[in-house]
Chemist: 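One structure, pasted below without further comment.
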Amino acid sequence: MFLLGNKFYIIFISLWIFGLYAIFTTFHSTPTNNDKALEDRIEYLQSEVESLQQKLSQLQSGNNINVKAQVENDNVQCQELREELKRVKRKLASKTNCRTGSQNGPALEYEQLRRKIETQTRELSYFTIDQLYKINEKLSDDDKAKWSKVIARFSDQNRVLLASIRNLTEVDGYQSWREQEHESLSKLMQARLNSLQNPSKPCGEVQRVSCNINKGCGYGCEIHHAMHCFHIAYALGRPMILFSDGWRYNPGGFDQIFQTLSRNCTTALAAGGAAWGRYETADVVEIPLIDNIHPKKDFMPMAIPEDISERLIRLHGNPFVWFTGQLMKYLLRPQPWLTELLEKKYADIKFETPIVGIHVRRTDKVGSEAAFHDVSEYMKYVEDYYIIYQYQNPNLKFKKRVYLATDEPSVFKDARAKYADYIFYGDTAVAQSAQLNSRYGTESLKGVLLDIHFLSLTDYLVCTFSSQICRVAYEVMQQRVVDGAWRVQPLDDVYYFGGQNAHNQRVFMSNKANWPNEFNFERGDIIGTEGNHWDGFSKGSDKTSGQTGLYPSYKTEEIVNIATMYTYPEVKIKTDEL
């Protein structure tokens with residue numbers, strides 16, 4: 001039978017969610033502005049709606065089937081026009097607030113609180129659903145049927161809350177600022193990287209670093225190795241020269257796949273580089289594997305540049321991921337043939353949104369670097385995303401699409417058989433090329449590049465962060481979306497950068513342990529996190545008290561590593577160019 005305490009627990013959670021939902025709905029308003037183009041669109045939409053309403057009134061008296069069908073079609077069209085009218089008005093409201101009284105954008109505290117509420121809502125869901133299922137296992141068959149309704153109701157209320165939180169950016173008046181700031185920072189970063197890699201002086205007269213992409217691991221691993229080198233090059237203000245001859249994915253080298261990193265800094269200017277220990281003084285320094293640098297410097301991953309840190313922290317929920325995405329944007333500029341390949345594939349598969357990307361990693365990784373995850377584990381979160389998306393857009397009709405990337409061809413058959421109401425994009429030939437006996441080589445590389453490209457174009461990712469391919473796709477995604485920190489559901493690890501400096505969190509709420517393996521901590525303590533268990537708890541060590549174990553994830557917040565890096569004073573961008 002149901003326990004009384006469990007009932008009160010569910011009631012409390014439901015009231016908490018309802019209270020937050022009520023708070024968020026107070027943000028929905030429709031101010032006006034004098035933006036001529038959008039006002040013209042509003043006027044047009046209003047006239048179209050009125051015209052359709054008149055037409056519908058004339059048709060209402062009709063009794064034949066054809067007239068009734070026409071009425072139904074016109075009703076749908078009228079509703080769609082009304083929804084577009086609402087969206088245009090919201091956009092006008094955002095632009096008005098951005099230009100009047102909100103020119104400086106939202107307060108940092110507002111952006112951090114908005115993101116924190118989503119994070120804590122998700123953490124509440126992880127914990128509660130995990131506990132509800134554990135209770136369910138101890139119930140009789142009759143009570144399980146009743147309890148499943150409790151689980152379903154809580155899950156649904158949680159999705160409604162997340163839909164309201166995500167819609168907040170559409171109505172709070174700051175979205176235009178966010179878009180402009182994203183574009184402005186991106187242009188600044190790309191200008192800096194272009195200046196870094198193409199110095200005004202002859203390359204032989206500037207200090208530089210060298211890096212060899214041949215780490216002897218998979219594509220994602222080797223790209224992250226090159227990214228680690230590029231990150232250091234940016235921090236030091238030294239152009240990076242990349243050695244890639246004999247690359248296992250393309251023996252002809254990196255420059256046959258991606259655009260050359262520099263017009264005048266060639267490998268001939270990087271011969272005989274000094275050991276890392278002389279990075280402050282030597283003309284040429286060879287950057288070793290990140291795992292082999294001891295001690296690590298504070299400007300290494302996962303640090304962001306101090307001079308743009310305030311802008312990044314306000315703009316993005318994971319500033320380092322955004323920063324890495326910008327480094328990757330320059331590093332992985334495709335050669336024309338690759339651009340053509342990507343565009344042709346896009347047209348061939350008729351890529352459309354909304355769409356969720358899932359990356360199912362199997363083969364050699366299962367049992368060594370990662371646990372086995374059934375397709376159903378991925379699709380649970382895919383379904384959640386689409387339900388929330390529907391709640392965000394209640395009158396929108398859409399098809400549920402998934403871009404499936406995997407190194408196991410049989411996953412396609414399994415997914416399509418079990419989830420017939422989904423459209424699955426993906427290529428079994430690409431999956432076949434990722435098999436161990438054919439993984440390395442240019443043809444296999446094309447498949448990897450296609451998968452990463454399309455995963456990065458999705459609206460949401462479900463994957464294992466133990467996979468470097470998934471992390472690359474997530475990083476590339478940030479080049480396109482304004483703040484995509486939330487647009488991922490990992491099944492195993494939190495986001496990390498291999499060989500990174502310590503990943504720490506700060507306690508903002510004290511905790512008294514009352515759970516197995518849980519430890520006490522005080523507000524202000526620093527916790528070195530080792531991973532999120534996605535059940536309301538994370539694992540880590542309190543650097544203040546020395547205690548180790550589990551801790552409630554919702555009581556901590558990420559510490560963004562900020563480091564002094566080269567500031568690129570030579571890069572001048574006019575305000576109107578940003």
Side-chain angles (χ1 to χ4, degrees), residues 190 193-194 196-198 209-231 233-234 239-270 287 289 324-349 351 359 403 405 407 426-427 429-435 438-457 467-480 498:
Q190 294 309 304
L193 292 169
N194 183 65
L196 172 71
Q197 291 302 114
N198 300 285
V209 297
S210 69
C211 180
N212 194 321
I213 198 172
N214 290 299
K215 188 178 178 181
C217 52
Y219 174 79
C221 170
E222 291 192 324
I223 289 301
H224 277 130
H225 167 57
M227 284 301 305
H228 137 70
C229 295
F230 205 26
H231 180 111
Y234 178 95
M240 182 179 82
I241 298 173
L242 188 67
F243 287 89
S244 63
D245 286 347
W247 187 26
R248 68 196 306 184
Y249 280 98
N250 186 65
F254 189 85
D255 290 353
Q256 291 184 347
I257 310 298
F258 305 103
Q259 294 181 38
T260 181
L261 294 181
S262 175
R263 293 186 295 270
N264 52 8
C265 292
T266 64
T267 54
L269 294 169
I287 301 179
L289 302 181
T324 299
Q326 289 299 310
L327 295 176
M328 205 168 277
K329 183 176 182 178
Y330 188 93
L331 183 76
L332 303 181
R333 292 165 300 148
Q335 288 284 7
W337 72 264
L338 179 54
T339 298
E340 184 180 347
L341 173 68
L342 297 174
E343 291 176 349
K344 184 178 185 304
K345 189 69 173 179
Y346 186 96
D348 288 346
I349 66 176
F351 193 88
H359 178 242
Y403 185 87
D407 54 6
D427 195 332
V430 171
Q432 188 64 49
S433 71
Q435 295 285 288
S438 57
R439 174 162 298 178
Y440 303 107
T442 305
E443 289 306 310
S444 175
L445 176 60
K446 290 178 184 177
V448 174
L449 294 174
L450 285 168
D451 275 347
I452 290 174
H453 177 69
F454 287 109
L455 287 172
S456 76
L457 292 181
S467 163
Q468 305 238 28
I469 294 298
C470 174
R471 299 204 304 275
V472 170
Y474 180 55
E475 290 155 353
V476 174
M477 174 192 279
Q478 309 313 311
Q479 301 167 14
R480 178 178 57 85

Chemist: Could you walk me through whether Ser262 and Asn264 pass the side-chain hydrogen bond (donor to acceptor under 3.5 Å, both in side chains) test, one step at a time?
Modeler: CA-CA 6 Å; Ser262 175; Asn264 52 8; 3.2 Å; yes

Chemist: To check you understand the geometry: which heavy-atom pair defines the closest contact between Ala473 and Ser456, and what is its length?
Modeler: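 Looking at all heavy atoms of both residues, the closest pair is O-CB, 3.6 Å.
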
Chemist: How many angstroms lie between SG in Cys211 and CD1 in Ile287, if you round to the nearest 0.5 Å?
Modeler: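 The SG atom of Cys211 sits 6.0 Å away from the CD1 atom of Ile287.
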
Chemist: Enter the distance from Phe258:CZ to Leu449:CG here, rounded to the nearest 0.5 Å.
Modeler: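 One finds 5.0 Å between CZ of Phe258 and CG of Leu449.
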
Chemist: Between atom CG of Leu196 and atom OH of Tyr234, what is the distance when rounded to the nearest 0.5 Å?
Modeler: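 Here the interatomic distance stands at 9.0 Å.
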
Chemist: Can you give me the closest heavy-atom contact between Leu289 and His228, atom names plus distance?
Modeler: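 The pair with the smallest heavy-atom distance is C-NE2, 4.0 Å.
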
Chemist: Can you find a side-chain donor-acceptor pair between His231 and Thr324 that sits under 3.5 Å?
Modeler: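 Short answer, no.
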
Chemist: Does Thr260 have any side-chain contact (heavy atoms from CB on, under 4.5 Å) partners at least two apart in sequence or in another chain, and if so, which?
Modeler: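 Thr260 satisfies side-chain contact (heavy atoms from CB on, under 4.5 Å) with Asp255 only.
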
Chemist: On a heavy-atom basis, which atom in Leu261 and which in Gln197 lie closest, and how many Å separate them?
Modeler: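 The answer is O-CB, 3.0 Å.
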
Chemist: Where do Ser210 and Ala270 come nearest, in terms of heavy atoms and distance?
Modeler: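 Nearest heavy atoms, Ser210 then Ala270: CB-CB, 3.9 Å.
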
Chemist: So do the side chains of Met227 and Met328 get within less than 4.5 Å of each other, counting heavy atoms only?
Modeler: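 Yes, at least one pair of side-chain atoms sits under 4.5 Å.
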
Chemist: Throw together a table of side-chain donor-acceptor distances under 3.5 angstrom for residues 240-247, partners on residues two or more places apart or in other chains.
Modeler:
{"unit_1": "Ser244", "atom_1": "OG", "unit_2": "Phe254", "atom_2": "N", "d": "2.8"}
{"unit_1": "Trp247", "atom_1": "NE1", "unit_2": "Glu222", "atom_2": "OE1", "d": "2.6"}

Chemist: Show the numbers, then the answer: is there a side-chain contact (heavy atoms from CB on, under 4.5 Å) between Leu341 and Lys344?
Modeler: CA-CA 5 Å; Leu341 173 68; Lys344 184 178 185 304; 5.8 Å; no

Chemist: Once rounded to the nearest 0.5 Å, what's the spacing between atom CD1 of Ile257 and atom CZ of Arg333?
Modeler: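 That separation rounds to 14.5 Å.
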
Chemist: With sequence neighbours excluded, what pairs up with His224 under the ring-ring contact (aromatic ring centres under 6.0 Å, His included) test?
Modeler: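 Counting only residues at least two positions away or on another chain, His224 forms a ring-ring contact (aromatic ring centres under 6.0 Å, His included) with Phe497.
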
Chemist: Output the distance between atom CG (Asp451) and atom OH (Tyr403), rounded to the nearest 0.5 Å.
Modeler: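 So the CG of Asp451 and the OH of Tyr403 are separated by 4.0 Å.
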
Chemist: For atom CD of Glu340, is the number of surrounding heavy atoms from other residues, nucleotides or ligands below 6.0 Å larger than 12?
Modeler: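 Counting neighbours around CD of Glu340, 12 or fewer heavy atoms of other residues, nucleotides or ligands fall under 6.0 Å, so no.
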
Chemist: Verify whether one side chain among Gln190 and Gln326 offers a donor that lies under 3.5 Å from an acceptor in the other.
Modeler: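 On atom types as modelled, these side chains qualify, holding a pair under 3.5 Å.
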
Chemist: How far apart are the closest heavy atoms of Met477 and Leu455, and which atoms are they?
Modeler: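 Looking at all heavy atoms of both residues, the shortest contact is CE-O, 4.3 Å.
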
Chemist: Looking only at non-hydrogen atoms, find the nearest pair between Asn198 and Tyr330 and report the distance.
Modeler: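 Looking at all heavy atoms of both residues, the shortest contact is ND2-OH, 3.5 Å.
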
Chemist: Measure the spacing between CG of Asn214 and OH of Tyr249 and express it to the nearest 0.5 Å.
Modeler: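 So the CG of Asn214 and the OH of Tyr249 are separated by 11.5 Å.
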
Chemist: Picking from Ile469, Leu332, Ile452, Val448, what satisfies side chain to side chain contact (heavy atoms under 4.5 Å, CB included) with Ile223?
Modeler: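 Output: one option passes, namely Leu332.
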
Chemist: Is a side-chain N or O of His225 found less than 3.5 angstrom from the main chain of Asn212, in a donor-acceptor match?
Modeler: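 Checking the backbone N and O of Asn212 against the side chain of His225, a donor-acceptor pair under 3.5 Å is found.
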
Chemist: Would a 4.5 Å heavy-atom cut-off, applied to side chains only, mark Lys345 and Asp427 as touching?
Modeler: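 Yes. Closest side-chain heavy atoms under 4.5 Å.
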
